[in-house]
Amino acid sequence: MVKQYDHRKIEKKWQKVWEIKKTYKVLDPSTSSGRVKKKKFYSLIEFPYPSGDGLHVGHIRSNTAMDIISRKRRMEGYNVLYPIGWDAFGLPTENYAIKTGKKPSVVTKKNTDVFRKQLKEIGFSFDWSREINTTDPKYYKWTQWIFLQLFKNGLAYKAKSFINWCPSCKIGLANEEAVGGVCERCGNITEKREKEQWMLAITKYAERLDKDLDLVDYPERVKSQQRNWIGKSEGSEIEFKIKCNPSQTLPKGEGEMPKFFTTSPELWRALQDKVLDMRKNPTNGEKAMWDLLRRNNPSLDLPKGEVKNSKGFHFRRQHIIDRFIVDFVCIEKKLVIEVDGDIHDYKKLEDEERTGVLNQIGFEVIRFTNEEVIKNPKNVLEKIILKLNNVSSKALSFGEGLGGVDMEDLEGIKVFTTRPDTIFGVTYVVLAPEHDVITNLQLQIMNWEEVEDYIKKVKKETEQERTKEDKEKTGIELKGIKAINPANNEEISVWIADYVLPHYGTGAVMAVPQHDARDREFSEKYNLPIIDRPLVDAQEITKKVGGKIVTKFKLRDWVFSRQRYWGEPIPIINCEKCGFVPVKEKDLPIKLPEVKNYKPTDNGESPLASISKWVNIKCPKCKGLAKRETDTMPNWAGSSWYYLAYTTQGISNFQFLISNKNIKNKTRKNIDYWTPVDWYNGGMEHTTLHLLYSRFWHKFLYDLKLVPTAEPYKKRTSHGMILGEGGVKMSKSIGNVINPDSIVKTYGADTLRIYEMFMGPFEESVAWSTESIIGSRRFIEKVWRIGEKIITNYELRITNEKNKIKNSNNSFVRQDIAAEKSSDSQSFNISKILHKTIKKVSEDIENMRFNTAISSMMILATEMEKEQSRTLDLQKSPTLNLEDFKKFLQILSPFAPHVTEELYNQLPITNYELKNKKENNSSIHFSKWPKWDENLVKDQEIKIAVQINGKVRTEILIQTDENEEKVKKIALTNEVVLKYIQNEKPKRIIYVKNRVINILI
RNA sequence: GCCCGAGUGGCGGAACUGGUAUACGCGCACGACUUAAAAUCGUGUCUCGCAAGGGAUGUGGGUUCGAUUCCCACCUCGGGCACCA
């Protein structure tokens, strides 16, 4: 009787052997043993985050796929690196630490131990000697080192940026924790909080990240997603000059020119900052006066009859006149109001001089003290109104006598457009509310209060609210400001609106409602003109209006700070004197200090900030008091270079990046040998972030001449997700998570591997079905039965023969096998199927069509067993020969490494070959990948379909590549065909070689 | 809204470059072996029809001798981007 297939015994046995023999350890190209002339192959999977939930069946799917490819490559003679490690910094561990107080490092150790054990039980051919862990200080030393290089090259900087803030948990959240603007932990709505954050200038690499996609073999959808994310667009930057429109600033009928250009452009620019500052910080008196002037518009507040001018007066505060900044001014009436504090008492002379100058150029000045304004506002107001009504002097005309500002000297509004050809259809210009120009034009904007309120309102909104779907566009016109269309010198209005984003392009848009849906929507809402003008040539017009062709990107710089504990500390020291000082390289790694509480502080700082012993440090430059940076890196950091760490791990703990001096050292040899990764499989969810980030870091390292290629990954493929039964997502809350351990226990790792590869197309999502696993198990059992029968049959025959001939020496065995190998027409059919299968499996693996590869091997196994059962008589020579079966095992071995290894080692033919070839590795996984024989793949005779009028009616047997006339003859003499065509003559006959013949009647 | 991908039996899915639709597996039914069960093996399994034959690849058109495959319109599902000028 044949032995039962015992997956537990077999899998345990071989896993142990592989581990002891270090079967999958790669050859180090920098050592003598590595200097074999083997081509390298570097296959990579995304290293897992060791969560407390253990290995997911989804991990197994992608790991198995790359394991199959790696094993095939080894059999094809490559030196294969298939490494594994842990992307172990991450939020779940940290949140667990916050909850339980357990050390993240301890939790991580526990989790990785579980993962490691689970992975080993599935029989992946990882080189475990190269295992890495991003939380290992030996590892993150180099993550920090790369950060320092980025800093030193101006690619890391600190800037104000918005973080997601949960007001209920009082902590900052990562974007992925605040999806949809909702806190992942408590469900509350998050706010945006402005905070200084470390940023990486990935945008400086935007062009190359886009362009170099041409160099790599990624699926089209991955490339287009990356391109979409980078968002390159070419267009024109065109300046619209600003002009102030007098007609809107003056009361109707007076028709006077504007009076607010009361200084020279040079002085205006020089004093502008001071003006803004003063407005922000008014004295009490100034504030009271401003309230008085604004809320109590003199013309409206007093009883009727006492005010002659019913139109009211427009006051400005902190206005520049000549070289002075006056507190308040009504330009129409040339009345200056000054509010003095005590400080001015000893400055009387100065003030008198100032009043003198103002008087000279036609302004009247009245003064009040702070006290007066605050205590007796009514009195003050009455005085002002009296003055206003009595002042008779006419205001100055445009710039008269003052070296007035020609607005052409002012900076215009630069817009970015991809459609300069529509420029004649521009009816207004829109700025983002955050645009700089607005504050610079504050003095010229007539409705500043309204504008300011609007800007505040917009800034309050979160990004989510602002860009929410179906949000109605809002905006406000900047009154008193006009823009000039450089194409036709038309005067158009200037608006600010929330639909214009500050961080894209120039933050300003020329609106063409005729051609752009958004502009149209906005125009309709605010009754702005929509005009249809002919298009013009884009290149030409850009030149004509003095614009330039520019390239813009959607990509934004990478926010690299987290106010968290469980990440790499950012190796920067903040010194009051010297600014940001990098930690000295010899002081790396900056280890994560022990901390009592892992929770971020109430004001949103990382828990590291509370360890004053750790934070306070001497400045490496000036030796003065300084503080460490307490932000940590995001978990994308460690994964941005891990594929490089694998190439040198176990060789010199990644000393590779240290400097060019070591260019010839061992580690450089390894990097140069292994880089780039030949084949990287991962999930679509990492297409835009991880993949882009690591490409960015790699390019940076390439620029430092530390890696040999511009791109890290030659080829990228992606796997589909495994869904729960019924096609829903697997999740703990639904309770449909499959534990791989129990599957391995019940069915075996080989079965699980085959099942996961067979369940559906690799790149598509598939639903798990525990019920269906049995099919894969049956297939393996079938292979086992065939193998056992072959082996026992062979042993029995030898025993029989021995007894007969009493000849027990080896020469017999050799003859016997030779006879079987050269074999025998009987198994010709099997050989044909075998070689077709070898071809199909070889090709399918390359295309990741594992499901069809397995289905073809299932067919082969069924045929082999059938053939075998035909000749059960042990006296006869078996028709299924050992050589064919061995080849079958070989092509199956990447899929089911344990059972094939076991059978292979039991095959008598294997032992024989090993003795002759003196190979020292008896593993099937280092045997030679079988080649298919084209002659056997090609059929001599084939069946083709015969169609009458396009419908299949019968089939005929023809010789392969038979000439057309002969095929027609065969078809036309076929019984069924004759029945259909009767005596008619076919109108037309179409023959497709070796496929089909279609007879039209 | 825009860009990708997909829609085939009870279920997961095959089908090369336009050439016999439903391979392979699960499930189900019947049969063989067995005292019996399990396992295994065999047969059947899109649909209507006794049959001859007809109809089916999301829906409706089109191109073609011939369409799951190509084109047009629409519906549904999945993924990505999203006021990006």
Side-chain angles (χ1 to χ4, degrees), chain A residues 4 219-229 231-233 235-236 415-420 422 430 432 466-473 497-501 503-512 515-519 521-522 552-556 684-685 687-688 720-721 723 725-727 754-755 758-761 763-776 778-779 781-782 785 840 843 849 851-859 862 865-866 869 943-955 987-1001:
Chain A
Q4 277 297 308
E220 227 12 82
R221 58 180 175 150
V222 171
K223 282 192 187 183
S224 70
Q225 253 186 58
Q226 286 223 356
R227 288 215 163 94
N228 206 330
W229 188 262
K232 180 177 172 172
S233 60
S236 306
V415 302
F416 173 67
T417 178
T418 53
R419 296 290 308 275
T422 63
V430 206
R466 177 153 169 191
T467 59
K468 207 167 59 186
E469 201 180 348
D470 299 333
K471 185 184 191 295
E472 199 181 331
K473 296 175 179 28
D498 56 358
Y499 80 94
V500 177
L501 303 172
H503 47 70
Y504 183 74
T506 57
V509 178
M510 60 176 220
V512 189
H515 287 278
D516 186 286
R518 292 158 309 187
D519 297 344
E521 191 191 323
F522 193 77
K552 298 282 181 189
F553 297 91
K554 280 197 244 178
L555 187 70
R556 290 201 247 169
M684 280 307 283
E685 70 275 16
T687 302
T688 42
M721 270 195 301
L723 305 170
E725 305 235 10
I754 294 273
Y755 171 65
F758 182 62
M759 64 197 300
E763 301 199 357
E764 285 169 34
S765 298
V766 211
W768 181 269
S769 165
T770 302
E771 198 183 54
S772 301
I773 298 175
I774 192 68
S776 303
R778 283 178 191 151
F779 167 57
E781 284 176 359
K782 188 179 278 185
R785 280 198 307 273
K840 179 145 185 64
E843 290 169 354
R849 296 160 61 112
N851 53 337
T852 50
I854 292 169
S855 103
S856 69
M857 288 191 286
M858 283 172 167
I859 294 168
T862 303
E865 193 170 43
K866 268 190 201 163
S869 66
K943 275 184 192 166
I944 63 161
V946 181
Q947 296 179 332
I948 314 280
N949 288 340
K951 291 205 172 210
V952 178
R953 296 299 177 187
T954 186
E955 45 187 36
K987 278 184 198 155
R988 196 178 150 194
I989 300 174
I990 297 141
Y991 174 59
V992 182
K993 198 173 166 190
N994 298 335
R995 295 239 186 254
V996 75
I997 181 163
N998 191 4
I999 301 162
L1000 304 182
I1001 51 174

Nearest to the side chain of A:Phe416, which nucleotide is it out of B:rC41, B:rG66, B:rA85? B:rA85

Go through the structure and list residues passing side-chain contact (heavy atoms from CB on, under 4.5 Å) with A:Arg778, not counting sequence neighbours. A:Ile774

Applying side chain to side chain donor-acceptor pair (under 3.5 Å), name anything that partners A:Lys951, two or more places apart in sequence or on another chain. none

Sorted by chain and residue number, the side chain to side chain donor-acceptor pair (under 3.5 Å) partners of A:Glu725 (sequence neighbours excluded) come out as A:Thr770

With sequence neighbours excluded, residues passing side-chain contact (heavy atoms from CB on, under 4.5 Å) with A:Thr506: A:Glu237, A:Lys414, A:Phe416, A:Ala508, A:Lys552

If the cut-off is 4.0 Å, is A:Arg778 near the phosphate of B:rC26, judged by side-chain N/O to OP1 or OP2? yes

Candidate nucleotides B:rC65, B:rA85, B:rG25, ranked by approach to the side chain of A:Met858 - the nearest: B:rG25

Who pairs with A:Phe522 by ring-ring contact (aromatic ring centres under 6.0 Å, His included), at least two apart in sequence or on another chain? A:Tyr428, A:Trp495, A:Tyr499, A:Tyr526

So which pairs with a foot in residues 765-776 of chain A pass salt bridge (Lys or Arg N to Asp or Glu O under 4.0 Å), sequence neighbours left out? none

Given protein heavy atoms under 4.0 Å, the one-letter contact record of nucleotides 46-55 of chain B, with B base, S sugar-phosphate only and - none, is simply -------SSS

Any idea which of B:rC81, B:rU20, B:rG19 is nearest the A:Ile990 side chain? B:rG19

Between the protein and nucleotides 5-14 of chain B, are there any N/O to N/O pairs under 3.5 Å, and if so, what are the atom names and distances?
{"residue": "B:rG12", "atom": "O2'", "partner": "A:Met759", "partner atom": "O", "Å": "2.5"}
{"residue": "B:rA14", "atom": "OP1", "partner": "A:Asn851", "partner atom": "ND2", "Å": "3.0"}

Ignoring the backbone of A:Tyr499, work out which of B:rG19, B:rC24, B:rC83 is nearest its side chain. B:rC83

Does A:Trp229 have any ring-ring contact (aromatic ring centres under 6.0 Å, His included) partners at least two apart in sequence or in another chain, and if so, which? none

Among B:rG80, B:rC41, B:rC16, the one nearest A:Gln225 by side-chain distance: B:rG80

